[in-house]
Peer 1: 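Provided herewith is a single structure, encoded as structure tokens, for subsequent inquiry.
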4 protein chains.
Amino acid sequence: MVNKVILVGNVGKDPEVRYFDNDQAVANFPLATTERGFKTRDGQEVPDRTEWHNIVAWRGLAKIAESYIKKGTQLYVEGRIRTRSYDDANGVKKYMTEIYADTINLLGRRNSGDNDQATRADQPMQHASLNQQSAAQNNLSNSSDQGSFNAGDSGPEDDLPF
Amino acid sequence: MVNKVILVGNVGKDPEVRYFDNDQAVANFPLATTERGFKTRDGQEVPDRTEWHNIVAWRGLAKIAESYIKKGTQLYVEGRIRTRSYDDANGVKKYMTEIYADTINLLGRRNSGDNDQATRADQPMQHASLNQQSAAQNNLSNSSDQGSFNAGDSGPEDDLPF
Amino acid sequence: MVNKVILVGNVGKDPEVRYFDNDQAVANFPLATTERGFKTRDGQEVPDRTEWHNIVAWRGLAKIAESYIKKGTQLYVEGRIRTRSYDDANGVKKYMTEIYADTINLLGRRNSGDNDQATRADQPMQHASLNQQSAAQNNLSNSSDQGSFNAGDSGPEDDLPF
Amino acid sequence: MVNKVILVGNVGKDPEVRYFDNDQAVANFPLATTERGFKTRDGQEVPDRTEWHNIVAWRGLAKIAESYIKKGTQLYVEGRIRTRSYDDANGVKKYMTEIYADTINLLGRRNSGDNDQATRADQPMQHASLNQQSAAQNNLSNSSDQGSFNAGDSGPEDDLPF
DNA sequence: TTTT
DNA sequence: TTTT
């Protein structure tokens, strides 16, 4: 009943964005979360461990991803886990686990400091929050996130292949 | 940019539901989460500690709360923190922290198993998930929650006092 | 930097628990989360969708899993995503995504099991919360969860294969 | 049974850190999360809304807060809600809701500081993750967070006033 | 393949 | 009292 993922990490590659006939879009990109290593009690070294998450962002979030997310960007991503199967080139069934993003926040765009907000024209998305949820469910939203870039503007949501 | 609360606990009293002229509704009820006590290293006893959360559910969630939530119900609540001020009977300014629910799940309605789902007519809400989000924000929703009772059916959301 | 998963769902099969020489244990079991289907605006039916999560619980949590979790049990699981690779019987590299549990809560008054017993003296674990975290990291814990069954009692944690 | 808060926001003032006889420390600071305003369907303007959270960080996290967190710092905070009562100067009982931090992550590439330096040798804490949990509960921890600054180094945890 |  |  609850399938929720919360990630804070860095984008590994520029998003790949595909557009569909019906004006829909989907973006895919990898996000790294690194778990710091440590020493065990008996002195063994456990190294850092990086987990790569396959992020999938539909519709409005896809377009935002295309515009504002790139290799190295630090993100907050809230979404859910989806495992899908596909047949590889040899007809072998493969499984892939992805994170379907519901909300994306751009982090750390050089805010900080007590001033330091100099030349920002190039950074219109600082701290922006992107919230995507399916109007198809007729949900209401009192999202806590900054909503300047939520997916609601992206047109019909009816015939999505998922 | 992110203000998220996740609670699993038990309802302390039947919800109080108020209706407004514009067909809006709001439900209020207390939810308890208990933190188990423990013994410190030097033998001190730290007792159990119960935290009471003031849950506020608007619109569709309010109506669902009225129908399905009562004293003792175990719930999953996802929402956000809101502190509001008000003047008490003596004109003294008071502050109250509440949890605005975005999603509510009824837990433990004897579901389980692939069997054991005998006499269920009386339990139409098993594992139901209630998802409320403001259509006013034109958000899309691909909610991961079971949506049979989301708030989207509750009519206009335009002139809410919050 | 943050890799957090929160699940509420039902256990699909009794846990498989393996013990190691050094008194360590690990439990594996599948957990289902079901996303309710809906109708799109243009009348298409999107069916329910069940996601199966491979839960991995180490040490104390494994032992608790063995004792209290079985097919049908409704659980709250908090953990993190781990994808690991292995070679299948044909020497083909495969990937598997698992959820490493950090906290497990048994949900429901009369949770779990195909038996679903009546009065509760025999069910000391109702609503229990299991919290597992590696002492190897010398962490402190002020866990918000009921801690009656946390993993701290399970002995040395030094030479774990992960 | 679950009382979890996840916040991403900006620190409003430099932390106040108090030390106790037993080498314990506690830090307090406000954290702002801003919910973006929006227009309702009928054209009403709902303004931005900033929620201020009172963050409380004990022990190791307190010391880290003192060193690395200041006004303006963007943080990820994971913790739990605690409401406590106290008598004000006039003997009137007051209530205050606080967030007890269990994990803190410094966000942003070039976070914190009024200087905002270029190359990073002087900023060993960038993206660091601070994890605090009570050893008094004998918990294990396989924290997903970068653990370079968890609270485990801070000495005896036995006689804490909470 | 990111980041520190 | 932060940030955009």
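Letters A, B, ... are given to chains in the order of the sequence lines, protein chains preceding strands, and every chain is numbered from 1. Computed from a prediction, not measured in an experiment: that's the story for all the values here. As a basis for the values below, the full set of heavy atoms in this structure was taken, side chains included, without hydrogen atoms, waters or symmetry mates.
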Peer 1: When you get a sec, tell me which of E:dT3, E:dT1, F:dT2 is the closest nucleotide to the side chain of A:Thr34?
Peer 2: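 Closest nucleotide among those given: E:dT3.
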
Peer 1: Round to a whole Å and report the spacing from OH of A:Tyr76 to P of E:dT2.
Peer 2: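 It works out to 25 Å between those atoms.
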
Peer 1: CG of D:Asp48 versus P of F:dT1: gap in Å, rounded?
Peer 2: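 It works out to 18 Å between those atoms.
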
Peer 1: Between E:dT1, E:dT4, F:dT3, spot the one nearest the side chain of A:Arg36, thanks.
Peer 2: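 The closest nucleotide is E:dT4.
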
Peer 1: Over how many whole Å does the gap from D:Leu106 atom CG to F:dT2 atom P extend?
Peer 2: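 Those two atoms, CG and P, are 19 Å apart.
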
Peer 1: Using a 4.0 Å heavy-atom cut-off, does A:Thr50 contact any base of the nucleic acid, only the sugar-phosphate backbone, or nothing at all?
Peer 2: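 Base, at least one base heavy atom under 4.0 Å.
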
Peer 1: Think C:Arg82 forms a cation-pi with C:Tyr100, using NZ or CZ under 6.0 Å from the six-ring centre and within 45 degrees of its axis?
Peer 2: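 Pair C:Arg82/C:Tyr100 counts as cation-pi.
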
Peer 1: For the side chain of A:Glu78 and the backbone of A:Val5, is there at least one donor-acceptor N/O pair under 3.5 Å apart?
Peer 2: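 Absent.
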
Peer 1: Enumerate, atom names and distances included, each donor-acceptor pair closer than 3.5 Å involving a side-chain atom of residues 13-20 of chain A, sequence neighbours excluded.
Peer 2:
from, atom 1, to, atom 2, distance (Å)
A:Asp14, OD1, A:Lys71, N, 2.8
A:Tyr19, OH, A:Glu66, OE1, 2.5

Peer 1: Between D:Leu7 (CG) and F:dT3 (P), how many Å, whole number?
Peer 2: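 Rounding to the nearest Å, CG of D:Leu7 and P of F:dT3 are 17 Å apart.
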
Peer 1: Counting only N and O atoms by type, is there a donor-acceptor contact under 3.5 Å from the side chain of D:Gln74 to the main-chain atoms of D:Val8?
Peer 2: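 Side chain of D:Gln74 to backbone of D:Val8: no pair is present.
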
Peer 1: Using a 4.0 Å heavy-atom cut-off across all strands, classify D:Lys13 as base, sugar-phosphate, or nothing.
Peer 2: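 If one applies the 4.0 Å heavy-atom cut-off, D:Lys13 turns out to touch a base.
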
Peer 1: Could you tell me the separation between the NE2 atom of A:His53 and the P atom of E:dT2, rounded to a whole number of Å?
Peer 2: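 Checked: the NE2 to P distance equals 15 Å.
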
Peer 1: Rounded off to whole Å, could you give me the CG-to-P distance for the A:Asn105 and F:dT2 pair?
Peer 2: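 From A:Asn105 CG to F:dT2 P: 20 Å.
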
Peer 1: What nucleotide, of E:dT1, E:dT3, F:dT2, holds the atom closest to the side chain of A:Asn10?
Peer 2: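 Looking only at side-chain atoms, A:Asn10 lies closest to E:dT3.
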
